[in-house]
Colleague: 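Before we start, here is the structure in question, set down as structure tokens.
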Amino acid sequence: MAAQNRRDFLKTMGIIGVTAAGFSTSTTKAQEKFKLSEDRIGVLVDTTVCIGCRNCEWACKKVHDLPAGSLEEYNDRSVFENKRRPDEHALTVVNEFENPDNVLLPVDVKVQCMHCEEPACVSACIVNAYTKHPEGPVTWDSDKCIGCRYCMVACPWQIPAFEYDKAIQPNIMKCDFCYDRQQEGKLPACVEICPEEALIFGKRRDLIEIARQKIKREPDRYVDHILGENEVGGTSWLYLAGQNFSKLDFPKLGTDPAPGVTEKIQHGIFAYFIPPISLYALLGGIMWINRGKSKSKEV
Amino acid sequence: MKITLKILFVILLSAASVFPQQKKNTKHSMLNIDCKTCHACQYPTTDDPCLKSCPRLKMVTVYRSPDEAPAITVLNELENKYEPVVFPHRLHAQMSEISGGCITCHHYNTLGPVLPCKRCHSTERKREDVSKPDLMGAYHQQCLTCHRQWSHKTECVSCHKPKVKGKKLNIEQKILSYKQKKHPQIKEPTRIIFETEYKKGKIVTFYHNEHTKLFGLKCVNCHKEENCLRCHDVKNASNQNPAYYDTPVKIHLPKDQHHKICMKCHRENNCSFCHKNKVSETFDHGLRTGWKLNRFHKDLSCKQCHKHGNRFVKRPTACNSCHPDWKPGTFDHKITGLILDDNHSDIDCEDCHIDRDFSKKPTCNNCHDDKSFPKDKPGKED
Ligand code: SF4
């Protein structure tokens, strides 16, 4: 909820920024495309296959040096009573939803960073702490971060979390697609442990083809929608489901890349300093006119 | 070492019985599909069937009997971490009869031998072709879809016993315990009274026990896409309380589906055959067909006389239509419980059995004025 408010706030800021930019100059820099490899990787999450064992949650914590506890503790299904979001203690979480077609087979949905093709967080970060790698992952460098938390507001999926309870050097935390493991030729920890292979790791273009085939083969099992194929310009993590994604708590997002808004803010306010100056000039002008008006009234 | 060899033996054994070259079901001509569905080349041969790799768009599957399945399959892919999983294969095949058959797991199983999962599903998670799950995914997707429905649990140890140092899982004992396991007893309702929407006859009384015991239908003849829980879920009132069906219940499937099942046999009956305004009585051969079953016929199963197909068509009632060797002179009267004496053994049946109606009491009047059956008998009882 807090993130939502912050986002609303930043949107307003964005509008002011854009307006200001509009006043000052018509040469807003065209949006930079991220360099992406043809063979970039992704994960296809088949929510009709996931059993909610939460092994992925455990494995994720293990490899990210977060307190994980024992794997047995994750058999406790009472956590599903409340919907959870990824945070600084758990970079991925699994939520459970009712299945309208079969009460005995609930739907489990793993949530983590979607690793957007055109990530808003990368654009929003004013110190370039984020990197969108051509192979897909969006990673983050704690040494560069100044803690402004713009990425949290910018993210359309509400993923980056902040270590609020850390006084010294708090970090932004989010799934890094196990980038380091991948560099070593290993799979992301969640993909490796998933007993069901509900998380299919492969080239993004192959995964989209596989997802299409799955829908075609079993039209009764899946809704005809691959979440992440086009949302906010596409994401590395893709989802298949047996029911509408809005019922599984996914935000309804358009196909326009989210960075559009935030990038304009950055370019408008930080990259060029002209817009704010013209804004001041404009405001000054208005004040000056108003002053004149009130003066004439006094007379 | 000994144990490993034994396991290997069991695996080989089970593998051998997974691939019996069955003659039935192996005719390509019986399949009404395009060859290209499965084969990539124009002229597939036994040596090079050029099968398209799975998943194919269309699942072509051939019915297999559960008896073809090996009794036990031992899965030991994770031998470093867990004890082997002893999987009662045939038991599962039998259970699957009621909910889709072998194809529930052995999808894309065409005319050739039934393939083990390993043939198509890779043991590597990191691989090029991810169009089908790896072996771990394939196993778990199959097992857990059902198992988590009744246990509501997903923990590994339900199937995988962790390896304990110095302790070994007694596989033989486990196999033995599965061998003795039978499909749990099902409490079958005697009858179900359905309340339907049909105005001219709202009540359909379905005698469940007659259909299974008397008419010889198997569960799978009607129950096809059934979830095991339908009969085994202890929380389900209808499974626990025999009186549950004494009051009318609403139909649970769409009308058409109910009809489809019944029509398999009752296609020549009109609506009022089942749809009545009151609860019907049990089946009575005499009332229904006009031919009362005598003491010898009463205990026969329907199929012993109505041998043709699944339906019970009218049979001629003359004795020798079923008993072709029963002719005057050769008929051994002893089987009726009465050994005819010399005076009676050679006379025509009709002399005592008027109009050859053997369901009626025989008469003595044709020859004797002073005798009557059963007070007087033309011989001695056996
Ligand atoms: S490990 Fe796989 S099956 Fe288990 S909760 Fe995670 S995604 Fe679902």
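It should be emphasised that the depicted structure is a prediction, and the values quoted were computed from it without experimental measurement.
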Colleague: Would you check if the side chain of A:Glu197 reaches a backbone N or O of B:Asp134 as a donor-acceptor pair within less than 3.5 Å?
Modeller: yes
Colleague: Does the pair B:Thr154 and A:Arg54 meet the rule for a side-chain hydrogen bond (donor to acceptor under 3.5 Å, both in side chains), with working shown?
Modeller: CA-CA 9 Å; B:Thr154 52; A:Arg54 295 170 60 220; over 6 Å; no
Colleague: So which of B:Lys126, B:Met136, B:Arg148, B:Glu155 has the biggest tally of heavy-atom pairs under 4.5 Å with chain A?
Modeller: B:Arg148
Colleague: Is it the case that over 12 heavy atoms from other parts of the model lie below 6.0 angstrom from the CD atom of A:Gln183?
Modeller: yes
Colleague: Can you establish whether the number of heavy atoms outside B:Lys260 located under 6.0 Å from its atom NZ is more than 12?
Modeller: no
Colleague: When rounded to the nearest 0.5 angstrom, what distance separates SG in B:Cys146 from CG in A:Leu104?
Modeller: 11.0 Å
Colleague: If you compare all heavy atoms of B:Glu128 against all heavy atoms of A:Lys203, which two are closest, and at what distance to 0.1 Å?
Modeller: OE1-NZ, 3.3 Å
Colleague: Quick check: do B:Pro55 and A:Gln213 have side-chain heavy atoms less than 4.5 Å from each other?
Modeller: no
Colleague: For chain B, which candidate among A:Ile200, A:Leu44, A:Val49, A:Leu71 shows the most heavy-atom pairs at distances under 4.5 Å?
Modeller: A:Val49
Colleague: How about A:Asp76: does its CG atom have over 12 heavy atoms from other parts shown lying under 6.0 Å from it?
Modeller: yes
Colleague: If you count heavy-atom pairs under 4.5 Å with chain B, which of A:Leu207, A:Ile210, A:Asp46, A:Asp206 comes out on top?
Modeller: A:Ile210
Colleague: So, does B:Gln141 use its side chain to make a donor-acceptor pair with the main chain of A:Glu196 at under 3.5 Å?
Modeller: yes
Colleague: Heavy-atom distances under 4.5 Å only: say whether A:Ile193 touches chain B with side chain, backbone, both or neither.
Modeller: backbone
Colleague: Give a yes or no on whether B:Lys255 atom NZ has more than 12 heavy-atom contacts from other residues, nucleotides or ligands under 6.0 Å away.
Modeller: no
Colleague: Heavy atoms, side chains only, cut-off 4.5 Å: are A:Cys53 and B:His140 in contact?
Modeller: no
Colleague: With the side chain counted from C-beta on, respond yes when B:Val157 and A:Glu72 share a heavy-atom pair under 4.5 Å apart, and no when they do not.
Modeller: no
Colleague: Measure A:Asp108 against the heavy atoms of chain B and call it side chain, backbone, both or neither at under 4.5 Å.
Modeller: side chain
Colleague: Is it true that atom NZ of B:Lys52 has more than 12 heavy atoms of other residues, nucleotides or ligands lying nearer than 6.0 Å?
Modeller: yes
Colleague: Would you call A:Glu192 and B:Arg125 a salt bridge, using N to O less than 4.0 angstrom?
Modeller: no
